[in-house]
Amino acid sequence: MPVARPETSDARVIAHVDMDCFYVQVEQRKQPELRGLPTAVVQYNEWQGGGLIAVSYEARKCGVKRSMRGDEAKAACPEIQLVQVPVARGKADLNTYRSAGSEVVSILALSGKCERASIDEVYLDLTDAAESMLADAPPESLESIDEEALKSHILGMRREDGDDFKESVRDWICRKDADRRDKLLACGIIIVAALRKQVLKETEFSCSAGIAHNKMLAKLASGMNKPAQQTVVPYSAVQELLSSLPVKKMKQLGGKLGTSLQTDLGIDTVGDLLQFSETKLQEHYGINTGTWLWNIARGISGEEVQGRLLPKSHGSGKTFPGPRALKSLSNVQHWLNQLSEELSERLSSDLEQNKRIASTLTLHASAFRSRDSDSHKKFPSKSCPLRYGVTKVQEDAFNLFQAALREYMGPFGNKQETWRITGLSVSASKIVDIPSGTSSIMRYFQSQSTVPSCSADGCVQEHIVNAPSASEGCSEQRSVETQAASLEGDTGATYTLPDLDNLHKNIDLIPEKDMSCLLNETTDFQTQSGSNKGTQTKRIGRKTNNAKEKNQGMPSIVDIFKNYTATPQSKQETREDSTVSSTSKRANFSSRSSHSSEVNQEVEERRETEWSYKIGEIDQSVFDELPAEIQREFRSLLRPNKQLKAGKSKGDGSASSIAHYFPPLNR
DNA sequence: ACGGCTTTTACC
DNA sequence: TGGTAAAAG
């Protein structure tokens, strides 16, 4: 599964930042009176008090563990404060945590290449920053070292008591005769300490961090001293750190592979792993995994920090355990509608905030068939081109489900045989940026498609929102229209047979932010409450978009798209997909919401990163309606590009070949 | 009758 | 590719 990456010759400085019991901190910030109390976040579940998904350190002290039930936690720690995860549409709603995670990322991304590894974890490549610091203001030259940096844990350093300890840390950081690698790490210590302080100051969240020469070691280190501390792994400490470390503790070895190492080869620690030759490991696990294992046993891992601040996919799912398993199509449809609605809302936010569109919709389900030995046959996943619009997503998801169900039940859907659905999820992937740059494409769509909203009248509509979940401050707001829209297309529907072939043709390309209005397909555009459904997008954010004042009627382009998507039949010949590849430059008309800094970071980060994406065919009739200028721009975007992916080969010349379409951003 | 729910990655 | 499995938090 893992794949070998040779370590680059030059020493890097990598940090892994891990938020401390993140969900708990988010809830404690919301309810400061919970601070310092033993607290846990539970996921809604009548059953035995719900499941814990985050536990504060105070609660851990009394023996409360994640994956206890609420009841058990109460038993172990009677004074524990249990906070429920917000619920929307009958399922857990993690949006507040996602937003909080974004706040953190937007701060951490300021100092180097940044990868959002999960909702509460980030990798940073601080090599450049550390090198600059070493050149300009090396630690040894500093008058004083930050207190936070002095609290660092340095592996391999003997820990003395009290003040002596900080003194030895200071000595280590400032050592003049140190190895260059150590000096770089010393800079990393100072930088990370400053970053963590910054995060605390701006978000009120504490975090822990690991600092090392690669991701693997940084990740290992970040977990060694929690909460709110940082740990460094000097090169000289690697051997000792790894030799006694149980293999199961290493990332990627926590599952079956790690178990296989133990049971098949008798390997319990990384030290044991060290005894095996590369070829031996390759014999057992294949060339890639074998090499990878051999490398990590030596602390070698060249895996790069991906400069990615935004998720690559969005999904919404729910399980229906045991007796709650779904057994009727209409029940399945109901839940698919809920899930699709949530997904659409998130796609809408992504479009609005990040100018990205997703192009693939995937349905996953798990099922069993009672009264059959073969009852655990896998329920197949199915995907199709993603069409924007809640009802479209709902429709497509349901069609995908039915297609999968037929496959699952066999060609001659054995009459009388009964199925049960124990899990459903819909997800959107293949997300690409909408190129905008200096281009007027975005602006054009923006002015054409924006919907009447709260203009000068004091934003009345904006406040007619209902907050289904614990929404406040940074959480999400949902318009009443959205909810109303969700009521249509329910159980009374006729169940058309899935037609995958057709689905595949129904590709829609709606590259526009405010096309998010299409996501609520209430038929009356005049009464739409506006486009601000997006997470965290408050009206302050809309400053740049005054175009909304005009175009009070049905915007023509929206009309076009609407008709277009509504009548897939009329769709015309499909041409070959074109691939665009370019150095992205985009206009900066992003809002001044608290998210904008993240977005801008992301833009900045991708400045020289090549992006490439596919555009499905655009209906000629739609295309023809666009102004000539826009058509030209689209055509230039649609120019095919050879080296689509061409592996990880770095900054290949591709950027320059199209550079004149998208002049690079000024640094 | 499962801890839910998300997301990423590698493989065929 | 699309679909699957593993892994992680």
Side-chain angles (χ1 to χ4, degrees), chain A residues 1-5 16 18-23 40-55 65-73 84-87 91-95 97-98 101 115-123 219 222-223 248-260 285-289 292 303 306 308 310-325 339 342-343 346 360-366 368 378-385 400 403-404 407 420 422-431 500 504 577 614 644-645:
Chain A
M1 205 150 287
V3 73
R5 304 243 186 262
H16 179 256
D18 196 353
M19 306 309 292
D20 304 320
C21 55
F22 190 48
Y23 291 9
V41 175
V42 294
Q43 193 150 263
Y44 167 74
N45 201 338
E46 290 284 280
W47 199 55
Q48 299 186 11
L52 304 201
I53 55 178
V55 180
K65 305 270 252 297
R66 203 167 0 150
S67 102
M68 269 183 174
R69 319 264 5 168
D71 297 345
E72 299 176 70
Q84 297 222 342
V85 171
V87 173
K91 65 180 291 299
D93 178 1
L94 305 182
N95 277 326
Y97 311 121
R98 279 190 266 260
E115 173 181 340
R116 184 175 184 168
S118 80
I119 201 166
D120 72 336
E121 282 176 287
V122 157
Y123 286 99
K219 162 84 180 166
S222 71
K248 295 285 254 174
K249 298 278 187 200
M250 305 249 345
K251 190 163 144 99
Q252 302 283 13
L253 298 182
K256 296 193 174 182
L257 183 53
T259 305
S260 165
Y285 299 106
I287 182 92
N288 272 333
T289 304
W292 178 81
E303 198 190 330
Q306 309 293 314
R308 184 176 43 75
L310 300 172
K312 301 172 85 165
S313 66
H314 299 289
S316 173
K318 177 165 178 63
T319 55
F320 307 95
R324 304 213 296 229
L339 299 174
E342 185 195 324
L343 181 61
R346 285 164 57 194
T360 301
L361 176 71
T362 306
L363 174 125
H364 301 274
S366 49
F368 67 89
K378 302 252 36 146
F379 195 93
S381 296
K382 291 286 165 221
S383 58
C384 71
L400 289 173
E407 192 175 315
R420 291 290 131 91
T422 55
L424 282 177
S425 94
V426 292
S427 53
S429 57
K430 309 221 177 121
I431 305 180
L500 276 189
H504 273 278
D577 282 4
K614 284 184 147 185
L644 221 189
K645 222 179 155 169

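By convention in this document, chain letters (A, B, ...) are assigned in the order of the sequence lines, proteins followed by strands, and residues within each chain are numbered from 1.
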Checklist entry - What distance, rounded to whole Å, do you find between the two P atoms, one in B:dA1 and one in B:dC5? => result 15 Å
Checklist outcome for this item: Which of C:dG9, B:dC2, C:dG2 is nearest the side chain of A:Asp120? It is C:dG9
Checklist entry - Is it true that the side chains of A:Ser425 and A:His364 contain a donor and an acceptor less than 3.5 Å apart? => result no
Checklist entry - Base, sugar-phosphate, or nothing: which does A:Arg69 touch, judged by heavy atoms less than 4.0 Å apart? => result sugar-phosphate
Checklist entry - Which listed nucleotide (C:dG3, B:dT6, B:dT8) is nearest to the side chain of A:Arg308? => result B:dT8
Checklist entry - Where the side chain of A:Pro321 is concerned, which of B:dG3, B:dT8, B:dC2 is the nearest nucleotide? => result B:dC2
Next on the checklist: Please verify the inter-ring angle class for A:His16 with A:Tyr123; under 30° counts as parallel, over 60° as perpendicular, anything in between as tilted.
Outcome noted: tilted
Next on the checklist: What's A:Leu52 touching, base or sugar-phosphate or nothing? Going by heavy atoms closer than 4.0 Å.
Outcome noted: base
Checklist entry - Shortest non-hydrogen contact from A:Gly317 to A:Lys91? => result O-CE, 3.0 Å
Item to check | 5'-most by nearest nucleotide on DNA chain B - A:Glu115 or A:Ala325 | outcome: A:Ala325
Checklist entry - Whole Å only: how far is the CG atom of A:Asn95 from the P atom of B:dT7? => result 10 Å
Next on the checklist: Just to be sure I understand the rule, does A:Ser316 reach a base, reach only the sugar-phosphate, or reach nothing, if contact means heavy atoms closer than 4.0 Å?
Outcome noted: sugar-phosphate
Next on the checklist: Do the side chains of A:Arg98 and A:Glu342 get close enough for a salt bridge, i.e. N-O under 4.0 angstrom?
Outcome noted: yes
Checklist entry - When you measure from the side chain of A:Pro323, which nucleotide among B:dA1, B:dC5, B:dT9 comes out closest? => result B:dA1
Next on the checklist: Measuring to OP1 and OP2 of B:dT6, would you say a side-chain N or O of A:Lys91 lies under 4.0 angstrom away?
Outcome noted: yes
Checklist entry - Is the closest side-chain heavy-atom distance between A:Leu343 and A:Leu361 below 4.5 Å? => result yes
Checklist entry - Taking for each residue the nucleotide of DNA chain B with the nearest heavy atom, is it A:Thr319 or A:Gly322 whose nucleotide lies nearer the 5' end? => result A:Gly322
Next on the checklist: Quick check for you: among C:dA5, C:dT4, B:dT6, whose closest atom lies nearest to any side-chain atom of A:Arg346?
Outcome noted: B:dT6
Item to check | Distance, rounded to the nearest Å, where A:His364 contributes NE2 and C:dA6 contributes P | outcome: 15 Å
Next on the checklist: Nearest to the side chain of A:Lys430, heavy atoms from C-beta on, is which of B:dT8, C:dG2, B:dG4?
Outcome noted: C:dG2
Item to check | Options B:dC11, C:dG3, B:dT7, nucleotide nearest the side-chain atoms of A:Ser381 | outcome: C:dG3
Next on the checklist: As a test of reading the structure: which of B:dC5, B:dG3, B:dT8 is closest to the side chain of A:Arg66, going by heavy atoms?
Outcome noted: B:dG3
Next on the checklist: Any base atoms under 4.0 Å from A:Lys219, or only sugar-phosphate, or nothing? Heavy atoms, all strands.
Outcome noted: sugar-phosphate
Item to check | Any A:Asn288 side-chain nitrogen or oxygen under 4.0 Å from OP1 or OP2 of B:dC11 | outcome: yes
Item to check | Proximal nucleotide (of C:dG9, B:dT9, B:dT6) relative to the A:Arg98 side chain | outcome: B:dT6
Checklist entry - Are any of the side-chain heavy atoms of A:Lys248 and A:Leu253 separated by less than 4.5 Å? => result no
Item to check | Whole angstrom value for the distance that separates P of C:dG9 from CG of A:Leu94 | outcome: 17 Å
Checklist entry - The side chain of A:Pro380 lies closest to which of these nucleotides: C:dG9, B:dT7, C:dT4? => result C:dT4
Checklist entry - Below 4.0 angstrom from OP1 or OP2 of B:dT6, is there any side-chain N or O of A:Lys312? => result no
